[in-house]
Amino acid sequence: MVAVAILAAGRGTRMRSQLPKVLHPLGSKTLVERALDSCASVQPSRELVIVGYCAEQVQAALAHREKIEFVAQTEQLGTGHAIQQLLSPLQGFEDDILILNGDVPLLRPETIAELLNTHQQNKNAATLLTAQLPDATGYGRVFCDQDNRVQQIVEHRDCTDAQRQNRRINAGVYCFNWPRLAEVLPKLSADNDQQEYYLTDVFAMMEPVMAMDVVDVQEISGINNRLQLANAYTIWQERIKTHWLLAGVTLVDSSSITIDDTVELASDVVIEPQTHLRGQTKIGSGSRIGPGSLIENSQIGEHVTAMYSVITDSVVQANCRVGPYAHLRNHAEIGEQCRVGNFVEIKQSQLGTKTNAAHLSYLGNATLGDRVNVGAGTITANYDGVNKHPTVIGDGSKTGSNSVLVAPVTLGTDVTVAAGSVVTKDVEDDTLVIARSRQITRKGWRLKAD
Ligand code: UD1
Ligand code: CA
């Protein structure tokens with residue numbers, strides 16, 4: 001059994017933001033969620049999040065996660081003071097606890113598992129993650145003896161010039177035996193440059209305390225300002241892209257592409273420049289996405305092309321051609337071998353197979369069969385100002401250019417709608433509908449002078 005506690009009560013003044021630091025996003029998740037996720041590998045029995053600055057906002061942002069216990073730190077008097085707030089909720093807890101700063105989003109789950117393992121194997125009172133950084137500015141410096149036993153941690157601002165030469169830093173990621181930590185927590189004092197209670201002062205009062213150097217120093221990057229947030233984003237993207245490149249995905253001009261860690265790509269997918277893949281998106285083999293596309297929470301089949309298009313919360317089956325400049329949203333479902341072309345918006349609608357809407361259309365709340373041809377400029381008028389209404393178009397039907405289908409309306413199979421029609425009534429199978437005023441031509445007509 002192991003508990004996890006995340007320090008998330010600070011404002012993060014250096015972010016210069018109204019938003020609490022831990023709620024800034026890294027991709028589709030907030031920093032605090034990333035910290036929690038990195039502990040998933042140890043299957044924590046309890047997850048505690050210490051909240052203070054904008055506590056309600058932080059709680060709301062984590063409301064979708066089960067079993068989180070929020071612990072209030074009403075005044076932010078330092079990281080040690082924050083952990084003192086756990087004394088009451090963890091009373092009687094006898095096991096180990098992982099404590100993480102809420103602003104370290106790049107930790108790998110394997111690293112956390114290894115930290116816990118090292119801690120338990122060595123029967124340590126405390127074990128902390130450290131790194132040898134080329135530039136240690138801002139971090140607490142960790143001083144160890146020859147046996148890697150931690151003697152003390154001194155914050156950057158409290159260091160002497162000589163102490164600052166030490167490049168071994170505290171990552172803000174710790175494993176403690178909780179009863180032993182609980183014993184020394186009340187003894188902390190705020191006798192330092194910031195007049196804060198430092199969690200790092202407990203190490204001088206405990207033993208044995210061991211430091212474990214992380215192999216990939218990028219993992220422990222803490223976020224204190226937006227420059228560090230931007231750098232962390234780049235590192236995170238590099239990891240994701242390296243993974244997909246080695247899995248057989250082509251990324252053209254990869255620095256211009258962004259891919260969430262929740263995305264799944266088959267081999268032989270090609271992602272063209274300026275393309276962004278977000279959320280629960282899956283793309284099938286042989287598909288070519290971009291240039292210039294945004295795909296979010298959508299399933300794309302095999303051998304689909306989607307150029308300069310936006311697809312959200314939708315499904316596109318195999319062998320479709322989408323774009324340029326198509327917009328599929330809110331449960332658009334496109335069958336196989338369809339073509340959805342220039343300036344076509346499809347919302348909450350289903351298209352069968354081999355159905356085309358190639359130019360300048362809006363299809364909303366519509367169900368189209370197979371082999372339908374939607375003429376240029378066809379619009380489903382689905383909204384009467386209060387409610388949305390459905391349009392149904394049967395297999396093999398064709399709508400003429402600039403036709404308006406006023407919903408609710410059903411066109412049967414093999415219907416032909418004349419160009420410029422405004423269709424307000426249902427149309428039977430195998431029928432031509434012309435719903436426009438006739439053209440009148442008068443040869444030789446001129447306006448007479450008065
Ligand atoms: C801390 C460590 C430092 C380490 C660094 C790693 C201390 C005293 N110092 O410094 O040794 O190198 O992290 O990134 O711990 N927080 C609270 N309540 C508070 C104060 C802070 O919950 O009263 C939270 C913050 O929201 C943040 C985390 O604790 O998530 C760390 O606070 P921060 O101010 O960023 O600490 P650092 O100065 O970076
Ligand atoms: Ca920090």
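Numbering of ligands and ligand atoms starts at 1, following listing order.
For the residue pair N192/D158, the side-chain donor-acceptor check at 3.5 Å is not satisfied. For the residue pair T137 / D135, a side-chain donor-acceptor distance below 3.5 Å is found, with atom types taken as modelled. Side-chain contact of K123 with N177: a donor-acceptor pair under 3.5 Å is absent, judged by distance alone.
Contact check on D37 versus R65 returns a salt bridge, with a Lys/Arg side-chain nitrogen under 4.0 Å from an Asp/Glu carboxylate oxygen. Salt-bridge formation is not detected for the pair E207/R149: no Lys NZ or Arg NE/NH1/NH2 atom is positioned less than 4.0 Å from an Asp or Glu carboxylate oxygen.
Listed by number with element, the atoms of ligand 1 under 4.0 Å from a non-hydrogen atom of G102 are 30 (O).
At under 3.5 Å, a nitrogen or oxygen of G78, whether backbone or side chain, sits near a nitrogen or oxygen of ligand 1.
Interatomic distance, CG of L100 versus OG of S38, reported as 5.0 Å (0.5 Å rounding). The line from CD of Q280 to OG of S298 is 11.0 Å long, rounded to the nearest 0.5 Å.
Closer than 4.0 Å to atom 36 (O) of ligand 1 lies none of the heavy atoms of the protein.
Atom 34 (O) of ligand 1 has its closest protein heavy atom at R14 NH2, 4.1 Å.
Sorted by chain and number, the protein atoms of type N, O or S within less than 3.0 Å of the Ca ion (ligand 2) are D103 OD2, N224 OD1.
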